[in-house]
Amino acid sequence: KRLQIVAFLLLCKVFQPTLSFYMDGQNYSLAPFEDMCKRQKSFVLDAWKVKDTWINPSMTLSQSDPTKVVIVWRMPDKGRHDKIGYMWLHRYSWNITKSKDMIELVKPTKWRTYLLGEDARIFNHFGKVYIVYNNHLTRFKRLYYAELFYDVKEDMFHTLDPPNHVIFENEVNIRHQKNWSPFDFCPQCSFHGGSAIPSQTHPVNATLLFVYSIRPHIIVQAYQTNITGEMTAEVVFKTTAQDSSDFWQWGEMRGGTPALLVGDSYLAFFHSSGRLSHKHVITYVMGAYMFERNPPFAITHISPEPIFHQTFINESYGWAYKVIDYIVFPMGFIFDDDFIYVSYGKNDKDGWIVKLNRTGLISSLRAVQSKVVGSSRWNKDTGHIERHSYTLSSG
């Protein structure tokens, strides 16, 4: 009997289900996505591949040179030991200006130790560069973040200190913790490129917050727990959209890019997935949303439908997996007065960038109403959020 079971499993491995097994060809349709592409031509302007094998690239503006962009991406390895690569691109030509390999752990010695993780988001926080990433050394993914330091002498990035392991309060150990979206909060700070920058006129620090969940919109702040680098993320604000179930119809909204202050609101891009082209096929899509500049950071606008460019569903490119046709996974973005550039992973294979018209994208978002579920006390001048002051709303 055991031999029969083994033989059956081997057959399943060899004769994996194919496309023809799952569908008859008549029910599978990309027409809804093609219609979205046509409706969005006014603001989804272009998309191009930056580099092969760059899985889920994230980008931010260089702190030292405004004409350059720093990109990090996942470098697959066997097992759960993916490394994080990095590279510089020219902001306007998008050509590679400096090619490096992997981020080092703390200051390197003759024994090189690389930072292990996946789906790293790189972002600027109050004049410094950070990454937040998922560590998959155990069965369930865990969230870490670290400040990066560029060593001019060694010409390389490494973490300034050992990465911080962030544990969500009352965390359930049998689920992943990943894809949190970081953002700067500072009422009196000046912002550049969507991130707070130090100022002599307003000598206050920006507070680093994370979007833990989009719906409901849960904002957390990480506090140092012990000297080993372990931190606890506590809920400080929580709101929820009052719209009905058609708030977003394309699967559960999950984290994507860091949130940046664009104008007077935060903007971020998220991903979701669902059986959109066929009942047996999963498609990953992306959308955008905006939330308030100040607490409780309620969502104000959201994409009415997934953001699409024709290259997202290019049949000649091939499917991502046997039961997943296309994956669009937003990881980072930069912007100027006219355009927004979003870096994203495509089909878990390559790194791409999509160019959006800034005014057109924001105009395309539909307004939503939100209600406060819970909030913390905070100082309107410094932005300081009082710890352990979170209370549920009486309404």
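In this chain, numbering begins with 1 at the start of the sequence shown.
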Can you tell me how far [atom2] of [Y] sits from [atom1] of [X], rounded to the nearest 0.5 angstrom?
X	Y	atom1	atom2	result
Ile302	Tyr289	CD1	OH	9.0 Å
Asp325	Thr283	CG	OG1	3.5 Å
Ile219	Tyr212	CD1	OH	12.5 Å
Ser277	Ile282	OG	CD1	10.0 Å

Using 30° and 60° as the class boundaries, would you call the ring planes of Trp180 and Phe210 parallel, tilted or perpendicular?
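Judged by the thresholds at 30° and 60°, the geometry between Trp180 and Phe210 is perpendicular.
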
Is the closest side-chain heavy-atom distance between [X] and [Y] below 4.5 Å?
X	Y	result
Met87	Val72	no
Pro306	Met286	no
Ser364	Phe43	yes
Leu267	His301	no
Arg254	Ile214	no
Val166	Leu143	yes
Trp54	Asp350	no
Pro187	Lys380	no

Evaluate the side-chain contact (heavy atoms from CB on, under 4.5 Å) criterion for residues Glu230 and Asn164: first the C-alpha distance (whole Å), next the side-chain angles of each, then the deciding distance (0.1 Å), finally the verdict.
CA-CA 6 Å; Glu230 190 172 279; Asn164 296 290; over 6 Å; no

Using the side-chain contact (heavy atoms from CB on, under 4.5 Å) rule, take Leu356 and Val342 through it: C-alpha gap first, then chi angles, then the decisive distance, then the call.
CA-CA 8 Å; Leu356 309 173; Val342 184; 4.1 Å; yes

Cationic N near anionic O, under 4.0 Å, Asp119 to Lys178:
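Result for this pair is no, no salt bridge flagged.
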
Give me the one residue out of Thr53, Asn134, Ile55 that meets side chain to side chain contact (heavy atoms under 4.5 Å, CB included) with Arg74.
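Between Arg74 and the candidates, side chain to side chain contact (heavy atoms under 4.5 Å, CB included) is satisfied uniquely by Ile55.
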
Go through the steps for Ser272 and Val285 under the test side-chain contact (heavy atoms from CB on, under 4.5 Å), then give the verdict.
CA-CA 6 Å; Ser272 68; Val285 297; 3.4 Å; yes

Which pairs with one or both residues in residues 259-270 pass side chain to side chain donor-acceptor pair (under 3.5 Å), sequence neighbours excluded?
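Non-adjacent pairs meeting side chain to side chain donor-acceptor pair (under 3.5 Å): Asp264-Arg293.
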
Filter on side chain to side chain donor-acceptor pair (under 3.5 Å), then keep only pairs touching residues 335-345, sequence neighbours left out; what's left?
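Every candidate side chain to side chain donor-acceptor pair (under 3.5 Å) pair involving residues 335-345 fails, so no pair, neighbours aside, qualifies.
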
Who pairs with [X] by ring pair (Phe, Tyr, Trp, His ring centres under 6.0 Å), at least two apart in sequence or on another chain?
X	value
Phe33	Phe308
His384	none
Tyr321	none
Phe297	Phe183, Phe185, Phe237

Mind checking what makes side chain to side chain donor-acceptor pair (under 3.5 Å) contact with [X], not counting sequence neighbours?
X	answer
Asn179	Arg121
His125	Asp184
Glu252	none
Asp65	Thr67

Under the rule for salt bridge (Lys or Arg N to Asp or Glu O under 4.0 Å), what residues qualify as partners of Glu292, not counting sequence neighbours?
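With neighbours one apart ignored, the set is empty.
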
Please list, chain by chain and in numerical order, all residues satisfying salt bridge (Lys or Arg N to Asp or Glu O under 4.0 Å) with Arg387, sequence neighbours excluded.
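Once residues adjacent in sequence are excluded, the partners of Arg387 under the salt bridge (Lys or Arg N to Asp or Glu O under 4.0 Å) criterion are Glu234.
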
Strictly distance-based, threshold 3.5 Å: is any side-chain N or O of Ser376 a donor or acceptor partner for the main-chain N or O of Val236?
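Present.
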
Quiz question: by atom type and distance under 3.5 Å, do the side chains of Ser42 and Asn357 form a donor-acceptor pair?
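Absent: no donor and acceptor within the cut-off.
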
Assess the side chains of Gln40 and Glu305: does a donor N or O sit below 3.5 Å from an acceptor N or O?
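There is such a pair between these side chains.
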
For side chain to side chain donor-acceptor pair (under 3.5 Å), just list the numbers for Gln63 and Asn124, CA-CA rounded to whole Å, side-chain angles, deciding distance to a tenth of an Å, and then say yes or no.
CA-CA 8 Å; Gln63 289 282 336; Asn124 293 320; 2.8 Å; yes

Step-by-step ring pair (Phe, Tyr, Trp, His ring centres under 6.0 Å) determination, Trp248 to Phe270:
CA-CA 12 Å; Trp248 178 259; Phe270 62 89; 4.9 Å; yes

